[in-house]
Student: 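Handing you a structure now.
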Amino acid sequence: MIDPQLKAQIDPARLPQHVAIIMDGNGRWAKQQGHLRVFGHKHGVKAVRSAIETATELGIGYLTLYAFSTENWNRPQFEINALMELLVNTIEKETPTLMKNGIRLETIGNTDQLPKDCRQTLLKTVEKTKDNDRMTLILALSYSGRWDIIEAVRNISKRIQSGDLQPDEIDETVLNSALNTAAYPNPDLLIRTSGEQRISNFLLWEIAYSEIHFTPVLWPDFGVEDFCNALLDFQSRERRFGKTGEQLKTP
Ligand code: IPE
Ligand code: IPE
Ligand code: MG
């Protein structure tokens, strides 16, 4: 539940349609309390639940969460295993809640690389929730922006090779539709926690005109209020898309 006073500050007519989050800082959060990094990941799940609840309550249509990057495969095997186990357990446990709240689960990324039990659990929940239409929750798993763009270029090349497409027909629409994110609007708002001010190979193509909100809060501490503050920050921005401020004021 969002505090009514906080909720009243958010303009429901100017909500982002799509919010993407780089959930960062689990390891540092755990270290700060003298625990192993995995402890931070476990607590990060609570913040995931809270973000999903907040987005659903406000009526945000799409929420993309960066859960595991292509580069994260370079972490110690012990940590990778713990993250994969956490993923399976969380998806299994949360599926009834997703159903209850009308949330459709989808994934982007090279999910073929995930362990078999992870893939199966994900597939089951994706299938089960596919007709839900209140919000689409997109988990980025074994994902990176460059990986997706390379895959898209490969697919487009195959279409050209087969004569289905001419090189000069390639435009933004063609590239867009070859990406894993083809079915979603571009994120209006990108949030990154933990104080790092970088993109870390997240939605490179899609964030061309996203507003970016950086917060020092570590992911396990990221709560309803932090999410609402990011939305208020978003609503304070003037999105010009290359135009002048004056142009936006004249209809
Ligand atoms: C984000 O927290 C979770 C994943 C990348 C899977 P980190 O594990 O990156 O935590 P820090 O950044 O090391 O504190
Ligand atoms: C980005 O966080 C990836 C995810 C949140 C899943 P990282 O912690 O992996 O990013 P860097 O290494 O600090 O750039
Ligand atoms: Mg990190």
Side-chain angles (χ1 to χ4, degrees), residues 18-52 54-55 62-91 93-94 105-115 117-119 121-122 137-151 179-181 184 187 189-207 210 212-223 226-227 230:
H18 183 173
V19 177
I21 310 183
I22 302 174
M23 312 184 286
D24 197 17
N26 293 351
R28 277 164 283 167
W29 186 90
K31 283 262 169 72
Q32 275 178 7
Q33 345 221 342
H35 289 285
L36 295 175
R37 297 176 52 80
V38 171
F39 183 75
H41 296 317
K42 284 200 180 120
H43 279 263
V45 174
K46 285 190 199 160
V48 169
R49 215 176 282 128
S50 148
I52 298 170
T54 307
Y62 300 84
L63 178 68
T64 300
L65 302 176
Y66 203 8
F68 195 85
S69 73
T70 305
E71 289 74 21
N72 289 149
W73 289 114
N74 297 320
R75 291 198 176 189
Q77 194 58 45
F78 166 76
E79 183 170 343
I80 296 176
N81 293 347
L83 280 165
M84 295 301 152
E85 198 183 311
L86 197 59
L87 179 68
V88 175
N89 292 343
T90 308
I91 301 282
K93 202 163 143 226
E94 298 296 325
L105 179 76
E106 298 195 348
T107 62
I108 54 173
N110 191 0
T111 44
D112 287 349
Q113 282 195 319
L114 298 174
D117 61 333
C118 269
R119 277 201 320 266
T121 305
L122 279 166
L137 170 67
I138 304 139
L139 285 186
L141 290 164
S142 189
Y143 172 89
S144 73
R146 286 184 177 176
W147 166 82
D148 200 11
I149 292 169
I150 289 169
E151 284 294 299
L179 292 169
N180 270 221
T181 50
Y184 319 126
L189 170 63
L190 170 69
I191 300 171
R192 181 170 191 148
T193 60
S194 90
E196 307 296 356
Q197 302 197 355
R198 56 175 171 260
I199 302 301
S200 300
N201 216 348
F202 200 27
L203 306 157
L204 298 179
W205 168 272
E206 297 83 349
I207 59 167
S210 304
I212 307 185
H213 174 87
F214 294 111
T215 167
V217 175
L218 301 175
W219 178 251
D221 286 332
F222 188 84
D226 300 299
F227 200 148

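Each ligand, and each atom within it, is numbered from 1 in the order the structure gives. Since the model is a prediction, treat every value here as computed from it, not as a measurement.
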Student: Give the atoms of ligand 1, by number and element, whose distance to some non-hydrogen atom of R37 is under 4.0 Å.
Tutor: 7 (P), 8 (O), 10 (O), 13 (O)
Student: Below 30° counts as parallel, above 60° as perpendicular, anything between as tilted: where do the rings of Y184 and H18 land?
Tutor: perpendicular
Student: I'd like to know whether I91 forms a side chain to side chain contact (heavy atoms under 4.5 Å, CB included) with L139, so could you lay out the CA-CA distance, the side-chain angles of the two residues, the decisive distance to 0.1 Å, and finally the verdict.
Tutor: CA-CA 11 Å; I91 301 282; L139 285 186; 3.8 Å; yes
Student: Please check this pair: side chain of R192 against backbone of R198, looking for a donor-acceptor N/O pair closer than 3.5 Å.
Tutor: yes
Student: Would you say the side-chain atoms of R37 pair up with the backbone N or O of N26, donor to acceptor, closer than 3.5 Å?
Tutor: no
Student: Would you say the side-chain atoms of D148 pair up with the backbone N or O of N180, donor to acceptor, closer than 3.5 Å?
Tutor: yes
Student: Write 'none' if nothing qualifies; otherwise put on separate lines each N/O atom of ligand 2 with a protein N/O atom under 3.5 Å away and their distance to 0.1 Å.
Tutor:
from: ligand 2; atom 1: 8 (O); to: D24; atom 2: OD1; distance (Å): 3.2
from: ligand 2; atom 1: 8 (O); to: R75; atom 2: NH2; distance (Å): 3.3
from: ligand 2; atom 1: 9 (O); to: N72; atom 2: ND2; distance (Å): 2.9
from: ligand 2; atom 1: 9 (O); to: R75; atom 2: NH2; distance (Å): 3.4
from: ligand 2; atom 1: 10 (O); to: R192; atom 2: NH2; distance (Å): 3.4
from: ligand 2; atom 1: 10 (O); to: S200; atom 2: OG; distance (Å): 3.4
from: ligand 2; atom 1: 13 (O); to: R198; atom 2: NH2; distance (Å): 2.8
from: ligand 2; atom 1: 14 (O); to: R198; atom 2: NE; distance (Å): 2.8
from: ligand 2; atom 1: 14 (O); to: S200; atom 2: OG; distance (Å): 2.6

Student: Can a donor-acceptor pair be found, under 3.5 Å and without considering hydrogens, that links the side chain of W219 to the backbone of G44?
Tutor: yes
Student: Any side-chain to backbone donor/acceptor pair from N74 onto E71? Under 3.5 Å, distance only.
Tutor: yes
Student: Heavy-atom contacts with H41 under 4.0 Å: which atoms of ligand 1 show up? List them by number with element.
Tutor: 3 (C), 8 (O)
Student: Taking everything shown except R146 itself, do over 12 heavy atoms lie less than 6.0 Å from its CZ?
Tutor: no
Student: Considering the Mg ion (ligand 3), could you give the total of protein N/O/S atoms lying closer than 2.8 Å?
Tutor: 1
Student: With a 4.5 Å limit on heavy-atom distance, are the side chains of I80 and N72 in contact?
Tutor: no
Student: Using the rule given for side chain to side chain contact (heavy atoms under 4.5 Å, CB included), can you reason through I191 versus F222, listing the C-alpha separation, both sets of side-chain angles and the distance that settles it, and then say yes or no?
Tutor: CA-CA 11 Å; I191 300 171; F222 188 84; 4.2 Å; yes
